[in-house]
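This report refers to the structure that appears directly beneath it.
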Amino acid sequence: MLTADIPPNQTIYIKNLNEKVKKEELRRSLYCLFSQYGRILDVVALKTQKLRGQAWVCFSEVTAASNAVRQMQGFPFYDKPMRIQYAKTKSDCLVEAEGVYDPNAKKKKKQEEKAERKRRAEEVQQSATANGSAADNNRGPTSFRPASGGGDQETIPPNNILFIQNLPHGTTSMMLHVLFQQYPGFKEVRMVEAKPGIAFVEFEDDIQSSMAMQALQGFKITPQNPMAISFAKK
DNA sequence: AGCACA
């Protein structure tokens, strides 16, 4: 019961998920929603009697998991508030192949499994960006860090309004409209004449804004201007 | 409610 007793883990355990959502959609949506906190290595969701309504999201860093546990606690996801804890055990996708003194078949099998999971993790990433293929060829080499401040941008809680930075001079709201309107729930773009380089883009809800953020993060209107998208502050 | 790795 004391969920606070579970020690920090790179993987978060989510329950109270809407059981009507199909497994692949669930994995994809969780990937989109949580990738704002860091690099996701795997999303596991099973629909067995025992495991439906639950999922595991494995991050590359514990700090990402910690932020996710705090910020997304109770987030209404498919109409149900998510209940998030640290996972109780380490995810298989993290087991390091350092069984040096155990040269038997077990090790080989583990490595095969690891490769298999890696492949599946890549699948998740692909399907996560499949609907935003406009951004794919446009994406920077690695994930882009928003420019301003020190860098705890990741701790801004979700918002249906996105804050866009690093836009090239001459960007118009029309241009952004075209780009963002392709994502469900799009409402409007707002730009401030007095402040070039930034914009606000409003969606109907936090989930839809998250999806668009994930899809267009780092999108380059010019090669020098990868978009830095974060949630607007309330 | 339920902690896995189809």
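Each chain gets a letter, A, B and so on, in the order its sequence line appears, and its residues count up from 1.
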Exercise. Do you see a donor-acceptor pair shorter than 3.5 Å between the side chains of A:N225 and A:T222?
Worked result: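 On atom types as modelled, these side chains qualify, holding a pair under 3.5 Å.
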Measure from [atom1] on [X] to [atom2] on [N] and round the result to the nearest Å.
X: A:N9; N: B:dC5; atom1: CG; atom2: P; answer: 16 Å
X: A:Q85; N: B:dA1; atom1: CD; atom2: C1'; answer: 11 Å
X: A:K23; N: B:dC5; atom1: NZ; atom2: P; answer: 11 Å
X: A:K88; N: B:dA4; atom1: NZ; atom2: P; answer: 9 Å
X: A:L41; N: B:dC5; atom1: CG; atom2: C1'; answer: 13 Å
X: A:L94; N: B:dC5; atom1: CG; atom2: P; answer: 15 Å
X: A:K80; N: B:dA1; atom1: NZ; atom2: P; answer: 9 Å
X: A:I12; N: B:dC3; atom1: CD1; atom2: P; answer: 16 Å

Candidate nucleotides [options], ranked by approach to the side chain of [X] - the nearest:
X: A:R52; options: B:dG2, B:dC3, B:dA6; answer: B:dG2
X: A:K15; options: B:dC5, B:dG2, B:dC3; answer: B:dG2
X: A:D92; options: B:dA4, B:dG2, B:dC5; answer: B:dC5

Problem set entry | salt bridge (charged side-chain N to carboxylate O under 4.0 Å, His left out) partners of residues 59-86 of chain A, not counting sequence neighbours, each pair once |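 Non-adjacent pairs meeting salt bridge (charged side-chain N to carboxylate O under 4.0 Å, His left out): zero.
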Exercise. Please, which pairs that meet salt bridge (charged side-chain N to carboxylate O under 4.0 Å, His left out) have at least one residue in residues 173-188 of chain A, sequence neighbours excluded?
Worked result: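 Output for this query lists A:K187-A:E202, A:E188-A:R190.
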Problem set entry | Residue mapping more 5' on DNA chain B - nearest nucleotide basis, A:I6 or A:T48 |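 With A:T48 and A:I6 compared, the 5'-side residue is A:I6.
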For this session: Run the numbers on A:F163 and A:F200 for ring-ring contact (aromatic ring centres under 6.0 Å, His included), then give the verdict.
Result: CA-CA 5 Å; A:F163 178 51; A:F200 293 89; 5.2 Å; yes
Problem set entry | Parallel, tilted or perpendicular: ring planes of A:F203 versus A:F180, cut at 30 and 60 degrees |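 Perpendicular, since the angle between the ring planes exceeds 60°.
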For this session: Answer with base, sugar-phosphate or nothing: what part of the nucleic acid does A:L46 contact at a heavy-atom distance below 4.0 Å?
Result: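 Base: the residue A:L46, judged by heavy atoms under 4.0 Å, touches a nucleobase.
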Exercise. Does a distance-only test, which skips hydrogens and angles, find a donor-acceptor pair under 3.5 Å between the side chain of A:S91 and the base of B:dA4?
Worked result: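 Yes.
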